[in-house]
Amino acid sequence: MKLPKIYEPNLYENDIYALWEKSEAFAPKYRGSKNYYSQVMPPPNANANLHIGYTLVVALEDIAARYHRMKGDATLLLPGADHAGFETQSVYEKHLAKTGKSRFDFNRDELYQQIWDFVALNRGNFDNQLRAMGASCDWSRYTFTLDEKIIKRAYSTFKKMWDEKLIYRGERLVNFCTFHGTGFADIEVEYKEEQSKLWHIKYPLTDGSGEVVIATTRPETMLGDTAVAIHPKDGRYKQLVGKTIKLPLTQREIPIIADNFVDMKFGTGAVKITPAHDPNDFDMAQRHDLPMISVIDHEGKLTHDVPMPYRSLDAEQARKIIVNDLKDLELLDKEEDYTHNVGHCYKCGTVIQPLLREQWFVDMQPLAKTAIAVLRANKIIFHPTTKKTQLINYLKGLKDWNISRQIAWGIPIPAFQNIEDPDDWIFDERVEEVSIEVNGKIYRRDSDVFDTWFSSSSWPYASLGYPKEPDFKEFYPLSLMETGGEILYPWVSRMIMLGLYITGEVPFKEVYIHGYVMAENGAKMSKSTGNVVDPLPVIKQYGSDALRMGIVAGRSPGVNRGYDQRKVEDARNFANKLWNVARFIEDKVGDNFKAKTNPKPKTSADYWILYKLQHLTDQVGAYIEQYRFSEAYDLVYHTLWDDFADWYIEASKSQPNNEILAYGLDIILRVTHPFAPFVTETIWQTLNGEGDSLLITSPWPKVTDIDTQKAKEFEQIKALVSEIRYIKGTVHLRDNLRLYHKGEVFLNQHGTLIKKLAQIEDIQEVRDGYGLHLTSVPFACWLDIDQETAHSFLEQLKSRLVDQKKLVERLETRLANKAYTKNAPKELIEETRTQLEEAKELGSKLYNEYERFSGST
RNA sequence: GGGUGAUUAGCUCAGUUGGCUAGAGCAUCUCGUUUACACCGAGAGGGUCGGGGGUUCGAGUCCCUCAUCACCCACCA
C-alpha cells in the first residue's frame, strides 16, 4: 500500500483507535517485564466538555503509559468521570432556570434522578473526546464517581472514621452560600478585595461611666454581639475588663473581656465579638464560654432573635438601616474607607456568610500528622519537588473538614437521627429510605450529601476495587498520580491522607503536577471571558498527534503557560515530516517492509546514524522515566528531522543502505509512538501490510554497540560540508565549484558523498593549486575560488579570526590559572587542553587565509 | 501579612547534582525546485540570561538583596 503525499490525520485516527480497542491493546499485560505501571486518570466532570487543559493531562499520562507498555510493563491507565456534585448541580439549576423552574420545585430525590438523567445524556461527549486525544486507557475499567464500588467505599470509610471517633457532628461555623443554600469547605471560598467602610461605633458602658468605641466592617452583625474584647495589656482599656456594655439597638448587656488575639493597633483596639458569624469570634467565644446568637439565617436574612424592626431584613439592607439608626442615636463615631477581602461563592459570587450549622466534620489532625511524616520521609516523589514543601505547610495548618453539603447531587450521608432524640445518631447504609426503624425507634435520614472530595479522596484504591479485587492487589500503589496544581490541596492531600488511613500504604509513588494551559495572551481561560480553546476543532485541523506534541513541547512541570498555536503547527509539520520520511523509505525498501534487528552498517554515515539512534532510544527512555516530557520530545524531534532526515537520508541518496534505512525508520517509529501515536501506528500498519503486529504493543527498541570511531568520520564530513555551504552562501556562488586537494585519502574515499551533500561540481586530487582553503577539517583542501570572489569572504574570515583569538586567549588564561588546574576535574582540564590545541590550529589556518587574501588587495 | 513560581533572542519558551563559544520553534533576511516532504531544503543575523551584591578556579544555574508579574494560602474585626 502506498502512502499519499501529505499526511491527513482525519483519514486515519478513528480507524487506528478502533484497531487498538479491538485488539485489546489497552488492557494491562506483562510483556517481558515483571513491573507494573499504573495510573488512574483524574476524573473530569462527566457533564462538561473537555477543555484543552485536559489534553495536556491526557498527553502527559498517555506518553508515560505508552512508553511503559512498550517497555513490557503491565500498564494500566484507568479512565473515569466525576459527578462533580455542586458543580453539576449548579449547571443543572441554570438549565432548570431556562424552563422557568428551580430546585425548590422538587425534593432532593427527584432532583437527584433528574440530574442523573441529565448527566447520562452528556456523558458520551467525554468518551469521544478522550478517544480523539488518543488516550490508551482501558475502557473496560471505566469508573464513575457514583458507581456502586465508590459509594460503598465512601460508606466504609465514613463508618471506620465514625467508629474510631474521627467523625463528629457539631455546630460549627460553616461558609454558607445563601443563594445556593449550601455550605462549603474553607478551600472552596473565593476571596476578593473590596472597597468598604470601617465603622467606628460607640458602645456605652452599662454603669454610665463612659463608652468604648469599636471598629467593624459588618455593623449588621452587632445585633449578635455577645462581648467586646480588648488586649489584656492595653492600658487604655484594661481597667474596663469585667464591666459590661449596654449593646445599642438591643436591650442586652454584654461583658468586656480580655484576649490576646486582639490587635491593639487595629481600629480602636476594641473589637465586638459575634461568635455566630465570625470564625475568630467563634474561637474566642469557645475560650470564654460566651453565648452564640445567630442573627443571619440561611437565606441571608436577619433572624427572629433580633429586635423587631430588623427582623427578616436582608443583611445588606439591614446594614444601611442600622448605620442610619446609629447615626440618629449619635453612636456613630466615624466612617473610614477601608479595603479588605471578602469571601464569595466561587460559582455565583454571593457573599459567603459564616453561619452556625450542625454538620459532619472529620478530625484532620491524626490524618495530617501521618501524611506529613510520610512526605518528610520522601515516600512520595514530587515533580516539581517544591510542591512537596507546599503540601507539608498546608497540612500543618489544616483545620477540621466539613463534609456535609446541602445539595441533592451527591452521595447521601449514611446517618440517621432519632426523631425523638436529636443527639442520637446512628450509621446505616439504607440511604434509599427516608426513615428507618431500629430497636423500635424511628430514625430519619440526614438529608445532606458528602462533599465530592470525600469520596474522590479514595479514588486511587476505590477505583481499583479495594480491598479484594485483583486490580487492587496488582496495581496499588499507583506508579504515578498526574494532576493539576489547583487540586494539590483539596485532592492530592486528601488522597494521601485517606490512602494511608485506609490501606496503610501511600496511594501513589510519584506525583506529577502540571501547570495550567493559559489562553494565548497568558490570561486564565474561562467560559465567561470566552477565551477557552476547544480541543476538538484543533484536532480536526492539525491532528491529534499535533495537538498532543504541541501542548507538551517546551512545558515544564508546575509552570503555567499559554496555549501556543505555533507549537501545534510545528508539531503538525513534524508529523508530516515523519510521514514523508516513511514515504521515501517505502519507495526504496518496497512494500515488504521488515526491519532487520541487526543491520550491517557499511558507510560512516551508517555508523553515525546508528550511534545517534542508540543515544535516542536510551535518552528518551531515561527522560520519560524522569517525567521530563518536553526534553524527550525535543530529542525525538531533532533526531528525526536534523539527523535522520537532513543528514542520513541525504547521505543515503549517494550511498544507499536499505537495511539501515528500514531499521532507522523502525526505531524512530517506536520511539516517536508515545508522543504521536496515530501517525506512527498508521505508518506501521501501512508498511506492515497484512501483518497483525501493532506498534502500540511492540517492544521499546534497543540499539546495540556501535563503532564510534567510524561514526566520528561522518562528523568530519558534516563539518566539511557545512563549511563549503557556508562559503557558497556567503560569496553567492552556486555552480561549477570544485574542491581540490593534494592526495588526501579521506577526501578520495568520501568524495562522492561530499560532492553530493555540498552540491559542488567535483572533488579532484591535484598537484598544486590556488584558492580558498577550508579550515574546519584537518585536510589540506581548497575551493577553486578566484581572488576577486574570495575577497567578498574576507569580512567573514576576519570576524571568525577575531572570535578564534578570543577563544584561544580565554582558554590560555584558564589553563594558566593554578587554582583551576588544581581544583577542576582532570577530564575537564584535559578537555580544555585539547580544545586549546584545536583552537590554535584553526586560528592559524584562518590567519593564513586572511593574510593571503588581504595582502593581495 | 505569609508562601511558591516566573523574569534568558522580536514572540513563546527549554536549559537535571555549577564546567565546551547559552539552545529550540516561530518570526526576519539571503539563496534554492536536488531520488520523500514548500506542512520543504541550504545558509545568515539576533541575547550585558530582570538590577545590584556575594560564594567559587569557574555562576543562566548556588546564597543575599531589590524590582516587576502571576498564582496559592491566611483573613486584623
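Every chain is numbered from 1, with letters handed out A, B, ... down the list of sequences. Since the model is a prediction, treat every value here as computed from it, not as a measurement.
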Q) Going by atom types only, do A/R814 and A/N817 share a side-chain donor-acceptor pair under 3.5 Å? A)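 Note: A/R814 and A/N817 side chains miss the donor-acceptor criterion.
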Donor-acceptor pair under 3.5 Å, [X] side chain vs [N] base:
X	N	answer
A/K577	B/C37	yes
A/R566	B/C11	yes
A/E650	B/A42	no
A/N576	B/C37	no

Q: Take atom CG of A/D634 and atom C1' of B/G23, then tell me their distance rounded to the nearest Å.
A: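 From A/D634 CG to B/G23 C1': 9 Å.
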Q) Once you round it to whole Å, what is the distance between P of B/G45 and CD of A/Q796? A)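 In whole Å, B/G45 P lies 8 Å from A/Q796 CD.
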Q. Between A/W401 and A/F184, does a ring pair (Phe, Tyr, Trp, His ring centres under 6.0 Å) hold up when you go through it step by step?
A. CA-CA 10 Å; A/W401 176 16; A/F184 291 116; over 10 Å; no
Q: Let me know, please, whether A/I6 or A/Q804 comes out on the 5' side of the other along RNA chain B by nearest nucleotide.
A: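 That would be A/Q804.
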Q: Looking at every strand, decide which applies to A/D646 at a 4.0 Å heavy-atom threshold: base, sugar-phosphate, or nothing.
A: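 It contacts sugar-phosphate atoms only.
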Q.
Using 30° and 60° as the class boundaries, would you call the ring planes of A/Y627 and A/F629 parallel, tilted or perpendicular?
A.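 Rings of A/Y627 and A/F629: tilted, as their planes differ by 30° to 60°.
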Return no unless some side-chain N or O of [X] is found under 4.0 Å from OP1 or OP2 of [N].
X	N	value
A/S556	B/A14	yes
A/N817	B/G58	no
A/Y394	B/U4	no
A/R572	B/C39	no

Q. Where does RNA chain B pair, written as one dot-bracket string 5' to 3', with Watson-Crick or G-U pairs under 3.5 Å, ( ) inside the strand, [ ] for crossing pairs and | for another strand?
A. (((((((..((((.....[...)))).(((((.......))))).....(((((..]....))))))))))))....
Q) Are any of the side-chain nitrogens in A/D564 or A/R566 under 4.0 Å away from the carboxylate oxygens of its partner? A)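 Here A/D564 pairs with A/R566 in a salt bridge, since their nearest N and O are under 4.0 Å apart.
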Q) Can you tell which of B/A14, B/C37, B/G43 lies closest to the side chain of A/S722? A)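 Among B/A14, B/C37, B/G43, the one nearest the side chain of A/S722 is B/G43.
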